[in-house]
Q: 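So that we are looking at the same thing, I have put the structure below in structure tokens.
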Amino acid sequence: MAREFQRGHKAKISDLTAGTDLYVGVQIAAPGLTFDISCFGLDANEQLSDDRYFIFFNQPKSPEESIQLLGAQSGDTESFRVTLDRIPAAIQKLSFTATLDGAGQMSQIGPGYIRIVAGGEEVVRYAFTGSEFTTERAVMLGDFYLKDVWRFAAVGQGFDGGLEALLKNFGGEVAEEEPPPAAAAPGFAPPAQAAAPPAFGAPPAPQPAPAFGAPSAPQAPQPAPSFGAPAAPTPPPAPQQPMHAAPTIAAPLAPQAPQPPAAPQAPSPYGQPQQPQFGQVPGQGVPPAAPFGQQAPSPYGQQPPGVPQGVPQGVPATGAGLRAALQPYKETATGQRWTPQNQQLMRVDLTMGGAGVLARQGSMVMYQGKVDFGYKGAGFVGRAVGNATGQEMQLMRCTGRGQVFLAEEGSHLHPIELQGDGICVSAENVLAFDESLQYEVRRVEGHGIPGGALFTMLFQGTGTVVVKTHGTPVVLPVTPTTFADCNAVVAWSAASQVIVSSQVRLRRNAYPGHSGETVNLQFRGAPGNFIVVQPYEV
């Protein structure tokens, strides 16, 4: 029987089926709309580093045929064959996507799904409807991703920009951003552009305007020869001035030598398209970009009289520099529920997964969308246990449809995904976790702890817990000789056995509460258990 997934649900492929030769079917439809369904083979950085693993109608299979496009069948709009044990090691994720071909929005689609079939039996299905989307034109439906073993995640993440936004998210190149270097705008239309693999949206592109300044219809069916013909038509704004007809930029300097100082002040900034040419600015021998010869100069080049002449006219004074400076800090959206934005900032997408998120009160630094925040009380018993054990957490409940950004005092944040296993974390080191996780206070058995017992929080189930540390932690495997200071240890695997090792010595400089390391924790367990220690003592 097939498992029904909701957005954000994940599972190991081995828990769904023992096979590795899988059929992936996608069903998506809307009246009057057409869709392009494709698969992106991504590397460890979730980037399309090898475009041979962009599988779509123009490239129906990968080189070793581990990913194949099968076409519409069995009621599916599109289908794929995926052989997991043949996928090369460089490919760490397969993202199945759907994009609109033409006008429309994803909110118009009817009920659809992405499903996995193994051995003729459907093993998992993620169903979606148009009510889950608004103005998006592309959507990531589901992912196969390698994390020790292959897993499947129901994503349902939309992109307003359509195919262009989707390709940029995966580090791909959009065909529209690669015009021929010496051609004007008519060169955007030649059919040679459709041969490159990224030209996924190229079919609607061969319909642009015939040519700049082309007065008659017979010139439209000859786009290919027009690459060398830009010099023939005269520019519409000022045909009496031949300065733009020559291919060189320095030509206007000869006839207009005495005019540059007074020319920008006489007319209005936009009244004379020939005055603010790149070649007429003193001190700039080579312009940053040619004006193509047929068209009025870009508005950026037409600066008002008060602008200093040392500023380049081809680019805004602050726009490009500011955009380039802020580019490394832009929001990162990976299609996952939890996404680190940097070492100190965590983003959680509440639209993925049905359960809410419990976070430490005051940890929200920003949110977008419709998000509700509510107080999460522990009740009388919970408060009594928290006060007695020191494991009390003041929590808020985050629900709704939007993204919440969490941080606390610049601590380093680490999302830990649990798949039915457990982890012990001190309440002081917990920033947030999925509400679907079960948590309780666990007592560390032992004797000799100054001031009382030692307690920790045990998290179990399926979901993510975000752990915060002072500095970058280190993860050590558990061996019979693994010891850690109880004030520096952050977390450990729930299956580890913890023993209190008291090392109290009657010395002047070693008292409980001082830095004499009077109490250590000894860890024991089977291979695979671990502890997390931070370079800081609480």
Q: Whether the side chain of K10 engages the backbone of G463 through a donor-acceptor N/O pair (distance < 3.5 Å, no angle test) should be reported.
A: no
Q: Which pair of non-hydrogen atoms, one from L437 and one from G461, has the smallest distance, and what is that distance?
A: CD2-C, 3.7 Å
Q: Going through the distances and angles, do T399 and F373 end up as a side-chain contact (heavy atoms from CB on, under 4.5 Å)?
A: CA-CA 7 Å; T399 56; F373 298 93; over 6 Å; no
Q: For W492 and F530, run ring pair (Phe, Tyr, Trp, His ring centres under 6.0 Å): C-alpha distance rounded to whole Å, both residues' side-chain angles, the deciding distance at 0.1 Å, then the answer.
A: CA-CA 6 Å; W492 60 85; F530 62 88; 9.9 Å; no
Q: Is any side-chain heavy atom of V467 closer than 4.5 Å to one of L431?
A: no
Q: Under a 3.5 Å cutoff, is there a donor and acceptor pairing between the side chains of S411 and H470?
A: no
Q: Given 3.5 Å as the limit, does a donor-acceptor pair link the side chain of R524 with the main chain of Q497, or not?
A: no
Q: Would you call K93 and D143 a salt bridge, using N to O less than 4.0 angstrom?
A: yes
Q: So P415 and M346, do their side chains get closer than 4.5 Å, heavy atoms only?
A: yes
Q: How long is the straight-line distance from OG1 of T456 back to CG of L521, given to the nearest 0.5 Å?
A: 10.0 Å
Q: For Q438 and Q460, test the side chains for any donor-to-acceptor distance below 3.5 angstrom and give the result as yes or no.
A: no
Q: Looking only at heavy atoms, which two atoms of A98 and I28 are closest? And how far apart?
A: CB-CD1, 4.0 Å
Q: Where is the tightest heavy-atom contact between S496 and S493, given as atom of each residue plus distance?
A: OG-OG, 2.7 Å
Q: Do M140 and F170 pass the side-chain contact (heavy atoms from CB on, under 4.5 Å) test, and can you show the C-alpha distance, the side-chain angles, and the key distance before you say yes or no?
A: CA-CA 11 Å; M140 293 163 49; F170 292 139; 4.0 Å; yes
Q: Take atom OH in Y367; do more than 12 heavy atoms of anything else shown fall under 6.0 Å from it?
A: no
Q: Could you give the distance from CG (D434) to OG1 (T462), rounded to the nearest 0.5 Å?
A: 10.0 Å
Q: Applying salt bridge (charged side-chain N to carboxylate O under 4.0 Å, His left out), which residue pairs with at least one partner in residues 473-483 are found, sequence neighbours left out?
A: none
Q: Can T97 and V139 be said to form a side-chain contact (heavy atoms from CB on, under 4.5 Å), step by step?
A: CA-CA 6 Å; T97 66; V139 61; over 6 Å; no
Q: Quick one: list whatever passes side chain to side chain donor-acceptor pair (under 3.5 Å) with S14, sequence neighbours left out.
A: none
Q: Working to the nearest 0.5 Å, report the span between CD1 of I55 and CD1 of I37.
A: 14.5 Å
Q: Do L100 and F35 have side chains that get closer than 4.5 Å, going by heavy atoms?
A: yes
Q: What distance separates D36 CG from L166 CG, expressed to the nearest 0.5 Å?
A: 11.5 Å
Q: Side chains of L358 and Y439, heavy atoms from C-beta outward: is any pair under 4.5 Å?
A: yes
Q: With no hydrogens and no angle check, is any side-chain donor or acceptor of Q336 less than 3.5 Å from a backbone partner on V348?
A: no
Q: Under 3.5 Å, side-chain donor or acceptor atoms of residues 83-90 against the rest of the protein: list the pairs with distances, not counting sequence neighbours.
A:
| residue | atom | partner | partner atom | Å |
| --- | --- | --- | --- | --- |
| D85 | OD2 | T20 | OG1 | 3.2 |
| R86 | NH2 | E64 | O | 2.5 |

Q: Do Q368 and E331 have a side chain donor and acceptor closer than 3.5 Å?
A: yes
Q: Can you tell if the side chain of F54 reaches within under 4.5 Å of the side chain of L48, non-hydrogen atoms only?
A: yes
Q: Quick one: do F405 and M364 satisfy side-chain contact (heavy atoms from CB on, under 4.5 Å)? Show the steps, please.
A: CA-CA 6 Å; F405 295 78; M364 186 278 295; over 6 Å; no
Q: Regarding T134 and E136, do their side chains bring together a donor and an acceptor under 3.5 Å, going by distance alone?
A: yes
Q: Whether the side chain of D485 engages the backbone of N487 through a donor-acceptor N/O pair (distance < 3.5 Å, no angle test) should be reported.
A: yes
Q: If you measure from OG on S363 to CD on E409, what distance do you get to the nearest 0.5 Å?
A: 11.0 Å
Q: Is a side-chain N or O of Q341 found less than 3.5 angstrom from the main chain of T339, in a donor-acceptor match?
A: yes
Q: So which atom in L94 and which in G41 form the shortest heavy-atom distance, rounded to 0.1 Å?
A: CD2-CA, 4.0 Å
Q: Within a strict 4.5 Å, meaning less than it, do heavy atoms of the F133 and I109 side chains meet?
A: yes
Q: Between Q403 and V371, which heavy-atom pair has the shortest distance, and what is it?
A: N-CG2, 4.5 Å
Q: So which atom in Y53 and which in S62 form the shortest heavy-atom distance, rounded to 0.1 Å?
A: CE2-CB, 3.5 Å
Q: Give a yes or no answer on whether the side chain of Q361 reaches the backbone of L395 with a donor-acceptor pair at less than 3.5 Å.
A: yes
Q: Applying ring pair (Phe, Tyr, Trp, His ring centres under 6.0 Å), name anything that partners Y113, two or more places apart in sequence or on another chain.
A: none
Q: Answer with yes or no whether the side chains of D349 and T351 bring together a donor and an acceptor at under 3.5 Å.
A: yes
Q: Starting at CD of E78, measure out to CG of L141 and round the result to the nearest 0.5 Å.
A: 12.0 Å
Q: Can you confirm whether R115 sits close enough to Y126 that some side-chain heavy atom of one is under 4.5 Å from a side-chain heavy atom of the other?
A: no
Q: For R347 and V404, indicate whether the former's side chain and the latter's backbone hold a donor-acceptor pair under 3.5 Å.
A: no
Q: Quick one: are I67 and F40 in side-chain contact, heavy atoms under 4.5 Å?
A: no
Q: For N342, which residues count as a side chain to side chain contact (heavy atoms under 4.5 Å, CB included) partner, sequence neighbours excluded?
A: Q344, L345
Q: Determine whether a donor-acceptor pair (N or O, by modelled atom type, separation under 3.5 Å) exists between the side chain of Q108 and the backbone of Q105.
A: yes
Q: Tell me if a side-chain donor or acceptor on D43 pairs with a main-chain N or O of E46 at a distance below 3.5 Å.
A: yes
Q: Anything under 3.5 Å between a donor and an acceptor, one on a side chain of residues 146-158, the other on a protein residue two or more places apart or in another chain? List them.
A:
| residue | atom | partner | partner atom | Å |
| --- | --- | --- | --- | --- |
| K147 | NZ | E417 | OE1 | 3.1 |
| R151 | NE | K147 | O | 3.2 |
| R151 | NH2 | K147 | O | 3.3 |

Q: With distance as the sole test, does R360 use its side chain to make a donor-acceptor pair with the main-chain N or O of Q394 at under 3.5 Å?
A: no
